[in-house]
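Working notes, beginning with the structure itself.
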Protein chains: 2
Amino acid sequence: MYSGTMGTQEPRGTEQPRGTQERLIRSTQELLWERGYVGTSPKAILERAGVGQGSMYHHFAGKSELALAAIRRSAEELRQSAEECLGAPGTAYDRVSAYLLRERRVLRGCPIGRMTQDRDVVHSPELRRPLDELFGWLQGRITEVLAEGQRRGELADGLDPAAGAAAVAAVVQGGYVLARAAEDPAPFDAAVQGVLALLAAQRTPGTATAATTG
Amino acid sequence: MYSGTMGTQEPRGTEQPRGTQERLIRSTQELLWERGYVGTSPKAILERAGVGQGSMYHHFAGKSELALAAIRRSAEELRQSAEECLGAPGTAYDRVSAYLLRERRVLRGCPIGRMTQDRDVVHSPELRRPLDELFGWLQGRITEVLAEGQRRGELADGLDPAAGAAAVAAVVQGGYVLARAAEDPAPFDAAVQGVLALLAAQRTPGTATAATTG
DNA sequence: GTCTATATATAGATAGAC
DNA sequence: GTCTATCTATATATAGAC
């Protein structure tokens, strides 16, 4: 049985090869990102992790339990990464802009968004939950940022924060799709520029770039 | 060998069960949509089509050739469907709005967008080409519509048509992702409303709803 | 805990009868 | 053109030795 993503034993600090369980989770994260759930075999996982089959089935009951740990981990990493941009100081526009423009390896796509195209994942309540939670959090967080911008007088009152937030989140996920179809990051960048320009038009006069209006 | 999507023989008009080859393409379209390329087995295809294994390998060299025919067909159907909205009369905003609001079975996602998450598809130049062409066409077509709106004086000159078009296309694809993560069409609808509201703010004063300005 | 068999089902395709 | 064997490789997991 899988003994929990966080629990039992934290890295000792001087743990060299980082532990079998940890390596299994990491290689599963990578493979799910590259190949999706159905395209990822237990064999590929243990080969990339450099462990034997017995080890894998000792730490995890099977493929789906390992995938659950990997998906949770990826979602948490993504959440932290987004929060670094969205929680930074600056105007609402600046923070959303930072989120949209942060360095991404566009052609690799989103490790969590990708999972929504995997039948076995969305059909499993357990596996789907981390996706739902991450994107729910993300939209909520962007909504907060936009609403705060309105309260501060940076953004037009007519803007619907929740709808704007959904559009921003969708542009990122859809940008990946367009970029992968073209095998070129350009459509992603264009979509981001497009939504940013539309959002910029919602700024109130005088909210140019840096407004330290607490 | 597969003898071409369009060619050799068109439906006779009174052809009852529609032909083995046609049934194979249709069931492949469905399965690729539901399960993706890697998740679709030849066995599943022929079972859904109701034909034997020999028939399938008689008409198509293998899975990838069949997938190519199915993907081309789906892309063409999608193109026609989009053109019905984007080529309709009305203001640029109305036409883009019609495209964004047309009836979609949101939780099923986009049959072509889905393929971008399939490693075997994007790594195959032949299989990826129809995706590239469809999304390239789509963004170009929306760009035209927006640019035309500007020329007609309906939309603000400051709007970048190509970036706006990329954003619109991305919102649709990303909307599917958010909706599937939530197992609920609501995020899709919210994203569409969000981008439409932002676009509406680009309309010039006096271009309310129906402007028959030829 | 980790390893090497072993086992069953399916994937993807070929061969050859009708 | 269509069908039923047949075939090899892999997916996913279990068993049991060390």
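In what follows, chains carry the letters A, B, and so on, assigned in the order in which the sequence lines appear, proteins first and then strands, with residues in each chain numbered from 1.
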Query - Flag for B/E84-B/Q80: side-chain donor and acceptor within less than 3.5 Å - result: no
Requested in this report: Could you tell me whether the phosphate oxygens of D/dT2, OP1 or OP2, come under 4.0 Å of any side-chain nitrogen or oxygen in B/H59?
Outcome: yes
Query raised in the report: Between B/T20 and D/dG1, is there a side-chain N or O to OP1/OP2 distance below 4.0 Å?
Result: no
Find the distance [X]:[atom1] to [N]:[atom2] and express it as a whole number of Å.
{"X": "A/M56", "N": "D/dA11", "atom1": "CE", "atom2": "C1'", "value": "11 Å"}
{"X": "A/L46", "N": "D/dT12", "atom1": "CG", "atom2": "P", "value": "12 Å"}
{"X": "B/R35", "N": "C/dT10", "atom1": "CZ", "atom2": "P", "value": "12 Å"}
{"X": "B/R23", "N": "D/dT2", "atom1": "CZ", "atom2": "C1'", "value": "12 Å"}
{"X": "A/F60", "N": "D/dT12", "atom1": "CZ", "atom2": "P", "value": "16 Å"}
{"X": "B/K43", "N": "C/dT14", "atom1": "NZ", "atom2": "C1'", "value": "17 Å"}
{"X": "A/H58", "N": "D/dA13", "atom1": "NE2", "atom2": "P", "value": "17 Å"}
{"X": "A/Y57", "N": "C/dA5", "atom1": "OH", "atom2": "P", "value": "17 Å"}

Report task. Would you mind telling me which residue lines up with the more 5' stretch of DNA chain D, A/P42 or B/Q53, judged by nearest nucleotide? Result -> B/Q53
**Report entry** side-chain contact (heavy atoms from CB on, under 4.5 Å) evaluation trace for A/R119 with A/Y37
**Finding:** CA-CA 9 Å; A/R119 208 166 195 255; A/Y37 184 82; over 6 Å; no
Query raised in the report: Across the strands shown, which category fits B/G54 at heavy-atom distances under 4.0 angstrom: base, sugar-phosphate, nothing?
Result: base
Report task. Check every strand shown and say whether A/S64 touches a base, only sugar-phosphate, or nothing at a heavy-atom separation below 4.0 Å. Result -> nothing
Query - Salt-bridge criterion met for B/E144 and B/R95 (N-O under 4.0 Å) - result: no
Query raised in the report: Between A/R26 and A/E30, is the closest basic N to carboxylate O distance under 4.0 Å?
Result: no
Query - Min side-chain heavy-atom separation A/R203-A/T91 under 4.5 Å - result: no
Query raised in the report: Out of C/dT2, D/dT12, C/dA11, which nucleotide sits closest to the side chain of A/K63?
Result: D/dT12
